[in-house]
2 protein chains.
Amino acid sequence: MGMKFQMMQPAQITELLRRRQITPTSQRVKIAGTLFAGPAHFCAEDVYARVNEDDAEVSKATVYNTLGLFVAKGLVRQVFVEPGKVFYDSNTQPHHHFYDSGTGELTDIDAVGVALHELPPLPADTELDGVDVIVRIRQRQSKDRPA
Amino acid sequence: MGMKFQMMQPAQITELLRRRQITPTSQRVKIAGTLFAGPAHFCAEDVYARVNEDDAEVSKATVYNTLGLFVAKGLVRQVFVEPGKVFYDSNTQPHHHFYDSGTGELTDIDAVGVALHELPPLPADTELDGVDVIVRIRQRQSKDRPA
DNA sequence: GGTTAGACTTAGAACTATTCTAAGTCTATA
DNA sequence: TATAGACTTAGAATAGTTCTAAGTCTAACC
Ligand SMILES: [Mn+2]
Ligand SMILES: [Mn+2]
Ligand SMILES: [Zn+2]
Ligand SMILES: [Zn+2]
């Protein structure tokens with residue numbers, strides 16, 4: 001888990017997948033290779049485009065199947081910031097996000113140091129599943145040059 | 001703004017809309033009537049169903065147009081907790097949410113008392129647009145009666 | 001190394017929430 | 001009451017995602 005994002009030769013990706021009980025097919029290795037090249041946010045369409053940018057083909061159905069599998073196995077995390085588009089986040093450490101809806105850009109906020117105080121108790125018979133903090137930002141309107 | 005959720009006869013809804021520069025058509029008054037009967041979370045489908053439960057008809061297009069208008073005018077707020085479905089929140093006070101993805105239920109958390117500490121500075125040339133906190137919860141698995 | 005059951009991948013159809021289109025209706029103003 | 005433009009509407013269109021059913025690959029076994 002600590003070696004994600006370092007080196008990442010195909011053989012290592014293969015092992016990372018096996019450790020999570022995922023059969024490392026060529027398509028899955030390729031998708032994991034783009035996801036874990038570095039911490040980043042992708043929509044399914046991004047992954048589909050990158051994985052197919054040379055020539056070898058991975059189908060859209062497999063991209064969706066694989067992203068779903070990786071979520072289930074804890075290799076990536078989903079982020080919801082707008083309707084009709086899921087982001088897949090290769091950073092699975094606890095962290096939060098800035099989101100600029102103008103540009104569509106999603107940026108990490110380290111959870112260390114961000115503290116939520118005085119949350120009320122959870123509803124009866126429920127347990128915590130996670131806390132998502134989205135800080136929505138927008139490009140500042142310069143007062144010098146108004147629209 | 002402080003009289004939302006009190007009484008709310010049609011004449012008052014009409015006035016609430018006019019105050020926000022919204023022409024109070026019969027469809028808009030009807031939609032506002034269901035939204036502001038009390039603080040609650042609705043998806044577009046919910047609003048469409050309630051508004052048409054007697055017999056008079058409001059089209060789906062108008063439900064979407066009107067919800068979009070009310071968002072633009074600050075009468076309701078959108079909440080995104082899963083892909084492919086927007087919630088409209090008639091509570092526009094700053095507050096956060098519990099979300100149970102099992103039941104689909106969204107519950108308010110008063111923002112008073114919930115404090116976010118040590119957020120990093122915003123990216124250059126951006127300004128704050130809002131902070132959404134989603135506390136994801138799930139039904140607790142009783143250890144006595146495991147699945 | 002060959003067999004084989006089941007896991008995996010695929011193209012394309014289907015689906016769902018939402019937006020768009022273009023034609024008719026209503027509202028506000030004069 | 002006439003009118004310009006705002007509003008509403010049914011249905012078509014769109015976009016992201018999931019499903020289907022048929023072929024391909026993987027891994028376990030011989
Ligand atoms: Mn993207
Ligand atoms: Mn709903
Ligand atoms: Zn992230
Ligand atoms: Zn709420």
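The model shown is predicted, which means the values in this text are computed figures rather than measured ones. Below, read A as the first sequence line, B as the second, and so on, with proteins coming before strands; counting in each chain starts at 1. Just the heavy atoms: all of them, side chains too, but no hydrogens, waters or symmetry mates, feed the values below.
- Distance A:Leu69 CG to C:dC8 P: 8 Å, rounded to the nearest Å.
- With C:dT10, D:dT8, D:dT17 as the candidates, the nucleotide lying closest to the side chain of B:Gln27 is D:dT8.
- Residues A:Val76 and A:Tyr64 do not share a hydrophobic cluster, clusters being chains of Ile/Leu/Val/Met/Phe/Trp/Tyr side chains in contact below 4.5 Å.
- The residue among B:Ile22 and A:Ser26 whose nearest nucleotide of DNA chain D lies closer to the 5′ end is B:Ile22.
- Within the 4.0 angstrom heavy-atom criterion, only backbone atoms of the sugar-phosphate kind lie near B:Glu57; the bases stay farther away.
- One can place CG of A:Asp46 at 16 Å from P of D:dA15, the figure rounded to the nearest angstrom.
- Rounded to an integer number of Å, the gap from CG of B:Leu17 to P of D:dC7 is 12 Å.
- Between C:dA28 and B:Arg18, a contact under 4.0 Å exists linking OP1 or OP2 to a side-chain N or O.
- Among the heavy atoms of the strands lying under 4.0 Å from A:Thr62 is at least one base atom, whether or not backbone atoms are also near.
- Mapping B:Asn65 and B:Pro24 onto DNA chain C via the closest heavy atom, the residue that lands nearer the 5' end is B:Asn65.
- When the P atom of D:dA10 is taken as reference, atom CG of B:Asn52 falls 9 Å away, rounded to whole Å.
- For the residue pair A:His97 / A:Asp108, a side-chain donor-acceptor distance below 3.5 Å is found, with atom types taken as modelled.
- Remark: side-chain polar atoms of A:Thr14 are paired, donor with acceptor, to backbone N or O of A:Pro10 under 3.5 angstrom.
- Of the candidates D:dA27, D:dC7, D:dT9, D:dC7 carries the atom nearest the B:Thr25 side chain, counting heavy atoms from C-beta on.
- A straight line from NZ of A:Lys85 to C1' of D:dT14 spans 14 Å, rounded to a whole angstrom.
- Side-chain contact between A:Phe70 and A:Ile31 is present, with at least one heavy-atom pair separated by less than 4.5 Å.
- Between the P atom of C:dT18 and the OH atom of B:Tyr88 lies a distance of 6 Å, rounded to the nearest Å.
- Projected onto DNA chain D by closest heavy-atom contact, B:Pro83 and B:Thr66 fall at different nucleotides, the more 5' of which corresponds to B:Thr66.
- For A:Tyr64, whose side chain is taken as the heavy atoms from C-beta onward, the closest listed nucleotide among D:dT9, D:dT18, C:dT10 is D:dT18.
- B:Arg136 places a side-chain N or O within donor-acceptor distance of the main-chain N or O of B:Val81, the cut-off being under 3.5 Å.
- In this structure, CD of A:Glu45 is placed 10 Å from C1' of D:dA15, rounded to the nearest angstrom.
- For A:His95 and A:Asp89, the side-chain atoms include at least one donor-acceptor pair closer than 3.5 Å.
- With D:dT17, D:dA10, D:dT8 as the candidates, the nucleotide lying closest to the side chain of B:Ala61 is D:dA10.
- Rounded to 10 degrees, the angle between the two end axes of the helix from C:dG1-D:dC30 to C:dA30-D:dT1 is 30°, with five pairs used at each end.
- B:Lys73 places its NZ atom 13 Å from the C1' atom of D:dA6, with the value rounded to the nearest Å.
- If you check D:dA27, C:dT9, D:dT9 against the side chain of A:Ser59, the one that comes closest is C:dT9.
- When each of B:Gly84 and B:Thr23 is assigned the nucleotide of DNA chain C bearing its nearest heavy atom, the one mapping closer to the 5' terminus is B:Gly84.
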Throw together a table of side-chain donor-acceptor distances under 3.5 angstrom for residues 119-129 of chain B, partners on residues two or more places apart or in other chains.
from     : atom 1 : to       : atom 2 : distance (Å)
B:Thr126 : OG1    : B:Pro123 : O      : 2.6
B:Glu127 : OE2    : A:Arg138 : NH1    : 2.6
B:Asp129 : OD1    : A:Arg138 : NE     : 3.2
B:Asp129 : OD1    : A:Arg138 : NH2    : 2.7

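- Without hydrogens or angle criteria, B:Thr103 side chain to B:Glu105 main chain gives a donor-acceptor distance under 3.5 Å.
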